[in-house]
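Protein chains get the first letters and strands the later ones, always in sequence-line order, with residue 1 at the start of each. Basis for what follows: all heavy atoms, side chains included, without hydrogens, waters or symmetry-related copies.
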Number of protein chains: 2
Amino acid sequence: MISKKTKYALKALIYLSREYDKGPILIADLAREERIPKKFLELILLALKNAGVLQSKKGKGGGYYLARPPREISMGKVIRILEGPLAPVPCVSETAYARCEECDDEWSCGIRLVMKDVRDAMAQILDNATLADVLERIEKEKQKKDGALFYAI
Amino acid sequence: MISKKTKYALKALIYLSREYDKGPILIADLAREERIPKKFLELILLALKNAGVLQSKKGKGGGYYLARPPREISMGKVIRILEGPLAPVPCVSETAYARCEECDDEWSCGIRLVMKDVRDAMAQILDNATLADVLERIEKEKQKKDGALFYAI
DNA sequence: GTTTTAGCCTATCGATTTAGTAGTTTTTTA
DNA sequence: TAAAAAACTACTAAATCGATAGGCTAAAAC
């Protein structure tokens with residue numbers, strides 16, 4: 001399960017994607033609209049900024065905005081920033097490989113063999129799902145729902 | 001990342017699969033062979049027993065053994081026992097669905113749409129990887145390694 | 001039938017992570 | 001220089017992780 005922190009981050013980024021090219025958005029507005037504790041959101045946005053996903057402006061007219069267009073930011077990237085590597089075990093991580101202490105023969109470790117498949121499948125999905133993709137999918141779902149509602153009436 | 005507890009559980013089950021139909025195995029032997037803290041392993045095996053994956057026998061000649069053949073126990077099952085649902089968010093879990101508190105419109109939640117794909121991909125892999133499969137894959141890897149070694153000499 | 005064997009059960013513990021909160025400082029702009 | 005707004009530092013309560021300790025219970029052997 002992903003943490004609340006990561007969910008908040010994704011919600012905030014989806015919101016900022018929708019408002020992309022409308023200038024900086026206030027933390028306070030984001031917090032209110034997405035119902036995220038303001039001070040907590042501050043820490044999250046800061047982490048995303050330090051990781052190069054967001055940029056910010058201080059003082060009046062300031063706020064946060066995406067460092068790149070929504071098409072160029074993936075869910076995989078965001079999740080790695082907040083949660084660490086996608087891989088279920090460190091020995092199959094592409095972005096942060098580490099040996100499993102308890103494993104002496106890595107190349108014939110059964111857990112590793114299966115978890116490699118899992119990590120590849122997850123990366124395939126999450127690294128290809130950009131914020132722009134997510135916005136599109138949300139729109140499609142809303143249309144589907146409206147369509148169903150139309151026929152229901 | 002999966003916990004040490006889950007890794008220990010999988011290691012123990014792979015060991016018990018290899019010794020399947022050789023009668024009950026002592027916790028102490030398992031702990032020594034797989035280098036798992038004995039008392040900790042006790043709790044893990046007990047959890048697996050309560051979940052129906054293992055059976056046990058007390059007293060002399062006792063120990064633990066698989067409740068079903070290795071072909072009928074999947075990694076997905078084991079991971080769910082020790083870690084809870086595979087799903088990254090509760091609202092896409094097939095085995096333990098729950099609403100996300102922070103989500104008002106579940107059907108057009110972008111996070112949910114992507115995480116559904118992730119959970120399906122994980123379940124596809126982990127529910128189809130049985131302990132017997134894992135043993136086979138380990139053997140294949142070992143043969144590959146031996147083959148490479150042969151040509152290297 | 002009591003002794004040994006081996007799993008069962010409950011409690012506790014220190015370290016780390018999670019989900020925040022509070023208060024102050026720095027930067028920008030009007 | 002006053003305001004707005006992000007940045008930084010520190011703290012906390014609760015939960016989870018990775019164990020350890022010690023006694024209890026059931027089964028088998030003698």
Q) Taking any atom under 4.0 angstrom from a heavy atom of chain A, which nucleotides of DNA chain C are the first and last to qualify, 5' to 3'? A)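 With heavy atoms of chain A under 4.0 Å away, the range is C/dA19 to C/dT29.
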
Q) Between atom CD1 in A/I25 and atom P in D/dA6, what is the gap in whole Å? A)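 Result: 11 Å.
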
Q.
Main chain of A/I2, side chain of A/T6: is a donor-acceptor contact present, judged purely on distance under 3.5 Å?
A.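 Here the side-chain-to-backbone pair does not exist.
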
**Q.** Note, A/I138 side chain near A/I14 side chain (heavy atom, < 4.5 Å)
**A.**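 The answer is yes, as the side chains (C-beta and beyond) meet within the 4.5 Å cut-off.
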
Q: Have a look at A/L45 and say if it touches a base, only the backbone sugar-phosphate, or nothing, with a 4.0 Å heavy-atom cut-off.
A: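 No contact.
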
Q | Side-chain touch B/M122/B/V118, heavy atoms, less than 4.5 angstrom | A |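 A side-chain contact exists here, since the closest heavy-atom pair is under 4.5 Å.
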
Q. If the sugar-phosphate is the primed atoms plus P, OP1 and OP2 and the base is the rest, what is the B/S/- string for nucleotides 21-30 of chain D, using protein heavy atoms under 4.0 Å?
A. BBB-BSSSS-

Q: Apply ring pair (Phe, Tyr, Trp, His ring centres under 6.0 Å) to B/Y15 and list each qualifying residue two or more places apart in sequence or on a separate chain.
A: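 Here no residue qualifies.
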
Q: Please check if the side chain of B/R32 supplies one atom and the backbone of B/I36 the other of a donor-acceptor pair under 3.5 Å.
A: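 Not at all, since once roles are kept as given, no pair shorter than 3.5 Å links the two residues.
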
Q) Looking at residues at least two apart in the chain, or sitting in another chain, which of them share a ring pair (Phe, Tyr, Trp, His ring centres under 6.0 Å) with B/Y64? A)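 Result, ring pair (Phe, Tyr, Trp, His ring centres under 6.0 Å) vs B/Y64: none returned.
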
Q: In sequence, state the C-alpha distance, the side-chain angles, and the governing distance for A/R119 and A/E94, and then conclude on side-chain contact (heavy atoms from CB on, under 4.5 Å).
A: CA-CA 9 Å; A/R119 112 85 232 183; A/E94 299 275 322; 3.1 Å; yes

Q.
Donor-acceptor pair, distance only, cut-off 3.5 Å: does the side chain of B/E83 make one with the backbone of B/S3?
A.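 Yes; at least one donor-acceptor contact below 3.5 Å.
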
Q) Can any side-chain N or O of B/N128 pair as donor or acceptor with the backbone N or O of B/Q124 at less than 3.5 Å? A)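 Checked: pair present.
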
Q) Which letters describe nucleotides 11-18 of chain D, given B = protein heavy atom under 4.0 Å from base, S = only from sugar-phosphate, - = neither? A) -------S

Q | Counterpart residues, salt bridge (Lys or Arg N to Asp or Glu O under 4.0 Å), relative to B/E102 (two or more places apart) | A |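 Partners of B/E102 by the salt bridge (Lys or Arg N to Asp or Glu O under 4.0 Å) criterion, ordered by chain and then number, come out as A/K7.
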
